[in-house]
> 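Can you keep this structure in mind? I'll have questions shortly.
Here is how names work: the chains are called A, B, and so on, in the same order as the sequence lines, proteins then strands, and each is numbered from 1.
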Amino acid sequence: MALKSGKRIFKEWVARSGSWVLLLGGLLLAPSARAEGGPSEATLQVDESFLARPMPLVFQEDTVLFKFSWLKPQQLRLQYAGLIGFASVGLGYEFTPRYSAALYYGVLSDTFGGSSVRVHTVSIKSSWRLFREDLLGPVEPRAGFSLNWGNTNNTFRRLPAHYPEKYYFQNKLHLAPFWGAEWALPLREGKWIKGIGLYAEMSTLDAYVLEMVRTRYVGLHDIWNLALGITLYLD
Amino acid sequence: MGILLAGLLLFSAGCDNIFEYSPYKAGVRVPYSDLNLKALKVLEEQSREAFAPFSVGVFGDTHTYYDDFEEQVARFNKQDSLAFIAHMGDLTLSGIYREFIWYRKISSKLKHPLLTLIGNHDYLSNGEFMYEEMFGPSNFTLVYNNCLFVFMDDIIWEKNVQDPDFAWLESVLEGSEHYKYRFVLAHIPPWSAPFSKGNEYYYNMLMEKYGVDLSLHGHTHSYTYGQPYENGPPYFTSSSSKRREIFYLDVKEDGFEIRKEDI
């Protein structure tokens with residue numbers, strides 16, 4: 001067996017379908033690390049626990065100090081419907097007072113949602129607070145978009161080899177804009193939960209928006225669907 | 001908060017399917033299920049034992065050309081004496097749940113029984129399973145006024161390069177000589193790229209062997225009628241909805257004819 005260079009292994013890993021999601025997730029998580037202190041601070045204040053230990057990662061010539069504690073989410077979310085499955089769980093990260101992101105995994109099956117074929121969806125949701133904090137009391141209107149990556153039958157990012165070029169557009173990845181609001185309740189002296197939020201969001205899909213633009217038949221009121229969810233704010 | 005919630009509820013009241021689990025969902029409930037099987041039952045009851053002239057409406061490749069599709073439906077509804085309407089396949093663009101529902105919503109306005117073939121686009125994502133639940137098996141036959149209609153699923157690439165089920169086709173054509181006419185309907189015409197040369201030859205050979213009178217197709221998005229092979233029947237392809245045409249197959253005592261109507 002020929003030995004592969006590290007560079008080649010990394011390139012193949014990136015090229016392999018799926019790995020980009022991990023990479024994108026990693027990129028999204030990176031700013032939260034900075035907000036929490038970042039690697040330079042970590043060298044001053046040594047924490048010997050496994051999660052907080054800086055771990056050098058070498059990408060070609062760049063060394064990045066990585067800590068597993070960066071992955072610790074600030075929110076846990078549970079969602080019903082919303083194009084990413086019958087039910088989904090999400091890890092939420094607050095990057096700025098305005099911007100937060102969440103990584104969801106959702107499932108749809110015969111038992112959960114009545115689909116004869118099982119669908120697994122991984123979704124990265126970016127959302128922005130629409131108003132200044134506390135302007136509307138406990139209600140926080142927000143909007144944003146999700147990148148939904150559906151795993152099921154006959155979906156592809158790259159066309160299988162037997163098709164002529166550009167025979168179909170990729171149908172694995174969809175962009176889903178949304179708007180909605182969350183009603184947040186702080187909890188007193190919670191052990192690990194400092195608050196709980198109930199949210200409702202109206203979302204749509206790139207394909208539906210396209211048909212709304214292209215046809216008279218599909219109107220603005222036809223393209224939306226409702227998602228309901230719970231956010232647990234972790235201490 | 002109250003205003004926001006009320007607005008949200010009011011807005012959602014306008015949508016009949018407010019919760020949507022996935023674009024890839026495959027699953028429908030009554031009354032959206034087994035539509036072909038239900039139409040076949042109606043037609044079996046309407047059909048006569050002996051031959052009597054009748055007309056069939058034909059169109060296909062409606063994809064997401066919903067405005068043109070609606071007008072095609074309205075035009076078919078102006079006809080009073082159609083036995084049924086055949087959709088030649090490609091009722092969706094990406095085989096996703098909503099596109100099936102939109103197809104069903106528009107086509108349910110048809111006042112004639114509708115039989116829907118599967119097309120290559122309808123196989124994308126979970127379309128194959130959605131089709132099966134919504135319409136029934138993708139291969140089926142109908143005997144109407146002593147004429148045989150064979151509806152065949154000839155999708156190849158989207159089934160990971162699988163040959164059409166010629167054994168099934170042969171089994172239904174075998175011993176069909178006593179019918180006055182034999183029509184075969186399949187989405188992809190045999191000269192189209194997904195058919196290998198061998199499959200193309202074999203398809204036409206079966207048409208010739210069993211004396212099929214006309215082979216009807218969609219897929220090409222343009223209307224053609226002719227005899228492309230030295231032997232074998234004439235072939236017809238219907239256009240896409242975008243071309244704003246509908247077709248009729250008039251089946252008469254002394255022959256049959258394809259009629260095109262512009263809308």
> Side chain, backbone, both or neither: which part of A:Phe112 has a non-hydrogen atom closer than 4.5 Å to chain B?
neither

> At a 4.5 Å cut-off on heavy atoms, which part of A:Val119 comes close to chain B: side chain, backbone, both, or neither?
side chain

> Salt-bridged, A:Arg142 to A:Glu201, with N to O below 4.0 Å?
yes

> Among B:Phe19, B:Tyr97, B:Phe69, B:Tyr66, which residue forms the greatest number of heavy-atom pairs with chain A at distances under 4.5 Å?
B:Phe19

> Can you tell which of B:Ala26, B:Ser22, B:Pro23 has the highest number of heavy-atom pairs within less than 4.5 Å of chain A?
B:Ala26

> Pick from B:Arg29, B:Glu133, B:Met130, B:Glu128: which one has the most heavy-atom pairs with chain A under 4.5 Å?
B:Glu133

> Given that the side chain runs from C-beta out, which part of A:Leu205 has a heavy atom under 4.5 Å from chain B: side chain, backbone, both or neither?
side chain

> I'd like to verify something: which residue of A:Arg118, A:Arg216, A:Arg214, A:His174 has the highest number of heavy-atom pairs under 4.5 Å with chain B?
A:Arg216

> Quick check, are the ring centers of B:Tyr131 and B:Phe100 under 6.0 angstrom apart?
no

> Give the member of B:Ile106, B:Asp68, B:Ile96 that has the highest number of heavy-atom pairs under 4.5 Å with chain A.
B:Ile106

> Considering only heavy atoms from C-beta outward, does the side chain of A:Arg77 approach that of A:Leu232 to under 4.5 Å?
no

> I'd like to know whether OH of B:Tyr201 has more than 12 heavy-atom contacts from other residues, nucleotides or ligands below 6.0 angstrom.
no

> Can you tell me which of A:Tyr168, A:Tyr80, A:Phe86 forms the most heavy-atom pairs within a distance under 4.5 Å of chain B?
A:Tyr168

> Taking salt bridge (Lys or Arg N to Asp or Glu O under 4.0 Å) as the test, write out the residues that go with A:Arg98, two or more places apart.
none

> Applying side-chain hydrogen bond (donor to acceptor under 3.5 Å, both in side chains), can you list everything that pairs with B:Asp262, at least two apart in sequence or on another chain?
B:Lys260

> Under a 4.0 Å N-O cut-off, is there an ion pair linking B:Lys109 with B:Glu70?
yes

> Among B:His121, B:Glu99, B:Lys159, B:Glu132, which residue forms the greatest number of heavy-atom pairs with chain A at distances under 4.5 Å?
B:His121

> Side chain, backbone, both or neither: which part of A:Ala207 has a heavy atom under 4.5 Å from chain B?
side chain

> Could you have a look at A:Gly137, A:Pro164, A:Pro160, A:Ala227 and say which one has the most heavy-atom pairs with chain B under 4.5 angstrom?
A:Pro164

> Is the distance between the ring centroids of B:Tyr235 and B:His217 less than 6.0 Å?
yes

